There are 2 protein chains.
Amino acid sequence: MTATATVPQTPKRPTPEPATATALKLFVVLARAQQAISERVEGSLVSHGLTHTEFAILEALYHKGPLLLGEVQRKILVSSGGITFLVDKLANRGLVERRLCPSDRRARYAALTRKGEALMAQIFPAHADAIREAMAGLSRAEQKQATALLKQLGLAASAASPESAKRG
Amino acid sequence: MTATATVPQTPKRPTPEPATATALKLFVVLARAQQAISERVEGSLVSHGLTHTEFAILEALYHKGPLLLGEVQRKILVSSGGITFLVDKLANRGLVERRLCPSDRRARYAALTRKGEALMAQIFPAHADAIREAMAGLSRAEQKQATALLKQLGLAASAASPESAKRG
DNA sequence: GGCTGTCATCTTAGTACTAAGATTATAGCG
DNA sequence: CGCTATAATCTTAGTACTAAGATGACAGCC
């Protein structure tokens, strides 16, 4: 690890074309906003010993009821190995259980246990509040506007990308 | 691992209050859009054997010139251990080098090597193109609108959150 | 019924990064 | 000058998840 003494200077780089510069700017701002929001909201999950992804699983089951592991996987966008790992962890904590599927012996449903239901009933309202507060930098109308723009953006980006469909 | 046979059913959950529902929706859409965009853009980095974070370091150095490790860290929002780890990796690949700081014997500058400069000159235009294409779901005006909204959102979320300032 | 391609989940090895802490150096005060 | 609090970077142990692959089951065709 050789370190060299020098004085730093800002380099000259080619200026991007305006349409590209606009896209680059949005890219950076989008990533920053998402990170800031996530960190803000994740704070309320840490105190319950839950990662963002674990919570996402609990939330999906809470609102949708029992789901096949593959359905959960596709809903929260994790790998197949990841869903096994995460459901194992939640099952070990007694929050989730696996159930047989009557029509397909390969498949398994993940479902909240009573303990998991109780936990979600307790923490989901606070989580929703944390999200509401995190979004308070925008008015309700602005939030709807942002939602419409981002939905359009996300759908277009997903539609043209094979990566979004491949996860496992 | 006990699995129980059952028929899945959708549960009844309390309906969130409208302002909260709007915020929840934006939260989901924001995360989805960010993930779709990231996956789309990261595809072009993988072929060069670079992770998103590695590339972010290279890009920061490419545009700003040599930076103290702590400056890089704060710019790309990683932990202090992370910056050491990542700069080590990039240095081992000959893309980045550490340089002494004349005024502070604790500090180190990270700087692109000639090899790193050449790589960035090669791949940054393609990366910028990938971003432009990923954002093509929105018109230029819509991109600017989204940028303004997200900037406001991100700044407000960061300002009220101590987590964004703590990264060590 | 047998066969083949595909699917659902699990297993395994690996990695990108974090949190906590250690070490050395600096800044500021008395 | 000495002391103390703080700062910059590195070290270490750990973890959340991925990619690749394995295993058993299902669907559809002949």
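Everything numeric here is computed off the predicted structure, so don't read it as measured data. Numbers restart at 1 for each chain; the letters A, B, ... are given by sequence-line order, proteins then strands.
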Quiz prompt | Rounded distance in Å - CD (A:E97) to P (C:dT9) | solution =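 Spelled out: CD on A:E97 to P on C:dT9 is 16 Å.
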Quiz item: CD of B:Q73 versus P of D:dA8: gap in Å, rounded?
Solution: 9 Å
Practice problem: Write down the distance between CG (B:L86) and P (C:dT18), rounded to a whole number of angstrom. | Solution: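 Computing the B:L86:CG to C:dT18:P distance gives 8 Å.
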Quiz item: In this structure, which one of B:R132, B:R140, B:K144 forms a side-chain hydrogen bond (donor to acceptor under 3.5 Å, both in side chains) with A:T22?
Solution: B:R140
Quiz item: How sharply is the helix from C:dG1-D:dC30 to C:dG30-D:dC1 bent, taking the axes over five pairs at either end and rounding to 10 degrees?
Solution: 20°
Exercise. Calculate the interatomic distance between A:Q35 atom CD and C:dC17 atom C1'; express it in whole Å.
Key: 12 Å
Quiz item: Does any residue of residues 46-60 of chain B have a heavy atom under 4.0 Å from DNA chain C, and if so, which ones, in number order?
Solution: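 B:T51, B:T53, in order of number.
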Quiz item: Tell me, which pairs form a ring-ring contact (aromatic ring centres under 6.0 Å, His included) where one or both residues lie in residues 54-99 of chain A, sequence neighbours left out?
Solution: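 For residues 54-99 of chain A: A:F55-A:H127, A:H63-A:F124.
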Practice problem: Scan B:E42, B:Q34, B:Q35 and name whichever one has a side-chain hydrogen bond (donor to acceptor under 3.5 Å, both in side chains) with B:S38. | Solution: B:Q34
Exercise. Compute whether any side-chain donor of one residue and acceptor of the other, for A:E17 and A:T20, lie under 3.5 angstrom apart.
Key: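 Side chains of A:E17 and A:T20: pair found under 3.5 Å.
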Quiz prompt | Spacing between B:K89 atom NZ and C:dT18 atom P, to the nearest angstrom | solution =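 Rounding to the nearest Å, NZ of B:K89 and P of C:dT18 are 12 Å apart.
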Exercise. Grab the CD1-P distance between A:I83 and C:dC10 for me, whole Å please.
Key: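 Taking atom P of C:dC10 as the reference, CD1 of A:I83 is at 10 Å.
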Exercise. Mind checking the OG-CG spacing from A:S44 to A:L50? Nearest 0.5 Å is all I need.
Key: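 So the gap between those two atoms works out to 9.5 Å.
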Table please: side-chain donor-acceptor pairs of residues 147-155 of chain B below 3.5 Å, with sequence neighbours left out.
unit_1, atom_1, unit_2, atom_2, d
B:T147, OG1, B:Q143, O, 2.8
B:Q152, NE2, A:G137, O, 2.9

Practice problem: State which of C:dA16, D:dT11, D:dC17 makes the closest approach to the side chain of B:F85. | Solution: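 Per side-chain heavy atoms of B:F85, the pick is C:dA16.
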Quiz item: What is the distance from atom CD1 of A:I83 to atom CG of A:L68, rounded to the nearest 0.5 Å?
Solution: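 Reported to 0.5 Å precision, the distance equals 11.5 Å.
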Practice problem: Send over the distance from B:E42 CD to C:dA16 P, rounded to a whole Å. | Solution: 12 Å
Quiz item: Tell me: CZ of A:R105 to P of D:dA27, nearest whole Å?
Solution: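 Spelled out: CZ on A:R105 to P on D:dA27 is 12 Å.
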Quiz item: Charged N to carboxylate O below 4.0 Å: is that the case for B:E117 and A:R13?
Solution: yes
Quiz item: Quick one: CG on A:D88 to CZ on A:R93, what's the gap to the nearest 0.5 Å?
Solution: 13.5 Å
Quiz item: With sequence neighbours left out, what residues match A:S139 under side-chain hydrogen bond (donor to acceptor under 3.5 Å, both in side chains)?
Solution: A:E142
Quick one: which protein N/O atoms are closer than 3.5 Å to N/O atoms of nucleotides 1-8 of chain C? Pair and distance per line, please.
unit_1, atom_1, unit_2, atom_2, d
C:dC7, O2, A:R106, NH1, 2.4

Quiz item: So if you build clusters from Ile, Leu, Val, Met, Phe, Trp, Tyr with side-chain heavy-atom gaps below 4.5 Å, do B:I57 and A:V28 land together?
Solution: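 Each belongs to a different hydrophobic cluster.
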